[in-house]
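Beneath this line is the structure, given in structure tokens, with notes to follow.
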4 protein chains.
Amino acid sequence: MAPRSPARTGRPRSAAADAAILEATRAALVDLGWSKLTLGDVATRAGVAKTTLYRRWAGKNELVVDAVAALFDELELPDRGSLAADVEYVVRQFAALLDRPEAKTALMAVVAESTRDEPLRARIRDSIVDRQKRLVLVGRARAEARGELPRAQGAQDAARSADLIFDVVAGAVVHRMLVSGQAVDSQWVHGLVALLAGGLPSAVSPLPSDA
Amino acid sequence: MAPRSPARTGRPRSAAADAAILEATRAALVDLGWSKLTLGDVATRAGVAKTTLYRRWAGKNELVVDAVAALFDELELPDRGSLAADVEYVVRQFAALLDRPEAKTALMAVVAESTRDEPLRARIRDSIVDRQKRLVLVGRARAEARGELPRAQGAQDAARSADLIFDVVAGAVVHRMLVSGQAVDSQWVHGLVALLAGGLPSAVSPLPSDA
Amino acid sequence: MAPRSPARTGRPRSAAADAAILEATRAALVDLGWSKLTLGDVATRAGVAKTTLYRRWAGKNELVVDAVAALFDELELPDRGSLAADVEYVVRQFAALLDRPEAKTALMAVVAESTRDEPLRARIRDSIVDRQKRLVLVGRARAEARGELPRAQGAQDAARSADLIFDVVAGAVVHRMLVSGQAVDSQWVHGLVALLAGGLPSAVSPLPSDA
Amino acid sequence: MAPRSPARTGRPRSAAADAAILEATRAALVDLGWSKLTLGDVATRAGVAKTTLYRRWAGKNELVVDAVAALFDELELPDRGSLAADVEYVVRQFAALLDRPEAKTALMAVVAESTRDEPLRARIRDSIVDRQKRLVLVGRARAEARGELPRAQGAQDAARSADLIFDVVAGAVVHRMLVSGQAVDSQWVHGLVALLAGGLPSAVSPLPSDA
DNA sequence: ACCTAAGCGAGACGGTACGTCATGTCTTGCG
DNA sequence: CGCAAGACATGACGTACCGTCTCGCTTAGGT
């Protein structure tokens, strides 16, 4: 009755090993960064043989995607009472995540690798990117309920605009922190929120600082 | 030191070498991508010894930053008549640049490396990022002249909002193409322009397609 | 009455497995040679699990000794009518055996291993070497009966000279084939027989060829 | 003018490295034996990188042949006054050589490998085997001069019988020590000399012991 | 007819060595 | 003296076997 897995014989894979490897990968990312991380070192840290690691992941890219994906699932969006507050909350949360060294060094690196590796791109999309779009959908649904935003006209338009908002918000934070190399401070967050609320005209006007 | 060049043999190399190396680096990025690019291969392609290469650049990161920086200087912003048109133009131009394989594979990679290498981050900022902020300044100046945007209140606010706009626009395009892995098509560009013009409420409303 | 092994319960070992493993070992020696033979491959060929194999043999050396030992028991020495004919017969037979790829590749290899492994040397001696000394004893007994050789003076001398003759004859054939890498052809065999009959003076004189 | 070697540019190979590697190989053979010798360990012992080692030798087999070949060139044959004395001298010398652990463990192993590797067999023949045939030729020439042996009838016969004598003498010693695993003591040497002098009838007669 | 203990296949496990590759440095000899 | 050619020490790569260890089954003998 139960759809048994195709191979049922042999010694089963150690579940503990998977967890140890992913944890060791994150630790190694913190200590060494992406480019100096070696799978041999990860295996040693995890108390595992290199072969065990290669049995489960095709290479460094895939391993790091899995190791980092879990971090992104920690993001959440409680109701802060208004669209602006929700946006501010999620932006700060995302910035805090990108401030963690393991996320910072790994995210751009695997994205860079994915430009020449379609399966990797798909894995990143499935494990990391698409899962965070839920935050946009939740936020928008609340804003619609509050009357802050008009209701989407159709499913396709809804998806399209969600993608756009996601790219703008996530892209802005990533670019600010990793490309421009500057902190996501209150001033910048308030500027972004203003821009999202009212477009460029709102963004260029000075804002009351709260710092 | 003195550039003597009456009829000396063997001398002309040095000047040509730089150009040949950077060109070879771009070609290698196209063929191999960032992670499989090796300095030995670049040297061979450039018809140069590895020693010559290491005499001029500290490593792969620095070389690639220099090789790619030139591409970004091609961006320009002619007056398209309105703020919206200017934004659309620069977004499309930037997207076209990021579609080139040598830019795509290299940009994220060096940014990733720069998360643990402050001198590299500075080099990227100087050679690539900051030079493109001129586009924002030019665009805003025109928009102010046209009365599309209010004048900035002070130099500091002006710089701050220019940084914000730059992060939002560039970040959105980079995220769309490299992280989400989707094309920057007309629909998306128009959505972005609408969002920049009027904020989220404008972005979620359906737009007249031009595709 | 029979002093059964201490543990008598449980499923008995499969007799078929032993035969299959030894046969698979010989086949693998033919296909791969000693150094590329792996126990995993032998197990697969024999349709047996690696554990089954390790339950019975300590390692590759022991397994191969057992696998090739059987080949050597095929040697025999029918009465050819004279000492010279008996020697020629046994030399040709031994040469034919050493021409089989599984014997050729395995014999020297296990002997080489045995230089640092006393138990292995003993196993080789018991399973292979000493069993073939019977051929010398049979041949000498016949020659004595024919009056071709004087009777040995004592048991110790008899054993000593049998060892010597064995080393000389077997050593010559092995050296000819495996070290010098040349064929044991009629000319060489006749030369050897002449040398054994009359010593070096006989060996350096030209012999009537029969090829 | 001089026919320079094809490649004349670049840093030349270190002559010191070659010597250090061969010496380290012999030391490793003594410590570990053939089967546990690893090229990585040899490289470490020689204070050399693995790549340097692989640049010069194709693998373990070739390296070991070169490392032990030098040992065999130490053999020599001073005039001991009679054929029997010359034979005894060279047999003892060869036995002493085979008693050295690096020669013992390596010789049979490379011979075993050579059964499936024709280039290796040729290398062994050129570097080790053929070079020792000189001893047979020297010994025979002296014996002929002394009148102990008849002169060879032709060059071909001379070569053939030299090969035979070499296989018999060297084969007997090798077989005695490595296969039978017994010492080449005086009794055995005298037996061998007697056999070579007068054939089997001389060998089976008891000899005056000198031990 | 059950019980029990060992054998069995499959295959994952921690290891070790492999042979190759790229890095960044260092000698050479040529021009 | 600059430079190409390429050897060098270093160290990671990804693979192959090793010999051991679970697993979930047979498969017998003793009761």
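Just so we're on the same page: letters track the sequence lines, and every chain starts at 1. Just the heavy atoms: all of them, side chains too, but no hydrogens, waters or symmetry mates, feed the values below.
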*Taking CG from C/Leu39 and P from F/dT20, how many angstroms apart are they, rounded to a whole number?*
11 Å
_A/Gly33 versus A/Thr105, closest heavy-atom pair with distance_ = CA-OG1, 3.8 Å
_Which atom of A/Lys60 lies closest to which atom of A/Leu37, heavy atoms considered_ = NZ-O, 3.0 Å
_What is the distance, to the nearest angstrom, from the CZ atom on C/Arg56 to the P atom on E/dG7?_
9 Å
*With nearest nucleotides of DNA chain E determined for A/Gly47 and C/Arg13 from heavy-atom distances, which residue corresponds to the more 5′ nucleotide?*
C/Arg13
*asked:* Nearest whole Å is fine: how far is E/dG9 C1' from C/Leu53 CG?
replied: 13 Å
*F/dC18 C1' sits how many Å from C/Asn61 CG, rounded?*
13 Å
*asked:* Strictly below 4.0 Å: does C/Thr9 bring a side-chain N or O up to OP1 or OP2 of F/dG29?
replied: no
*Gap between atoms CG and P, on C/Asp41 and F/dC18 respectively (whole Å)*: 9 Å
_Distance below 4.0 Å between D/Arg55 side-chain N/O and F/dC8 OP1 or OP2_ = yes
*Taking all heavy atoms of A/Ala49 and all of A/Ala43, pick out the closest pair and write down the distance.*
C-CB, 4.0 Å
*asked:* Give me the atom names and distance for the closest heavy-atom approach of A/Ser127 to A/Ala69.
replied: O-CB, 3.8 Å
*E/dG19 base to D/Lys50 side chain: any donor-acceptor pair below 3.5 Å?*
yes
_Salt bridge flag under 4.0 Å for residues D/Asp31 and D/Lys36_ = no
*Heavy atoms under 4.0 Å, any strand shown: does C/Gly59 hit a base, just sugar-phosphate, or nothing?*
nothing
_I want to confirm an ordering. Mapping C/Thr38 and A/Leu37 to their closest nucleotides on DNA chain F, which one lands closer to the 5' end?_
A/Leu37
*Nearest whole angstrom, please: distance from the C1' of F/dC13 to the CD of A/Glu62.*
15 Å
_If you go through the side-chain atoms of A/Arg11, does one of them form a donor-acceptor pair with the base of F/dC21 closer than 3.5 Å?_
yes
*In terms of the nearest nucleotide of DNA chain F, which residue is placed more toward the 5' end: C/Lys36 or D/Thr52?*
D/Thr52
*Could you give the CG-to-P distance, from C/Leu32 to F/dA16, as a whole number of Å?*
14 Å
_What contact category does A/Thr51 fall into here, base, sugar-phosphate, or nothing, at under 4.0 angstrom with non-hydrogen atoms?_
base
_Among E/dG9, E/dT28, E/dA17, which nucleotide has an atom closest to any side-chain atom of D/Pro12?_
E/dT28
_Euclidean distance, atom OH of residue D/Tyr54 to atom P of E/dG19 [Å, nearest integer]_ = 3 Å
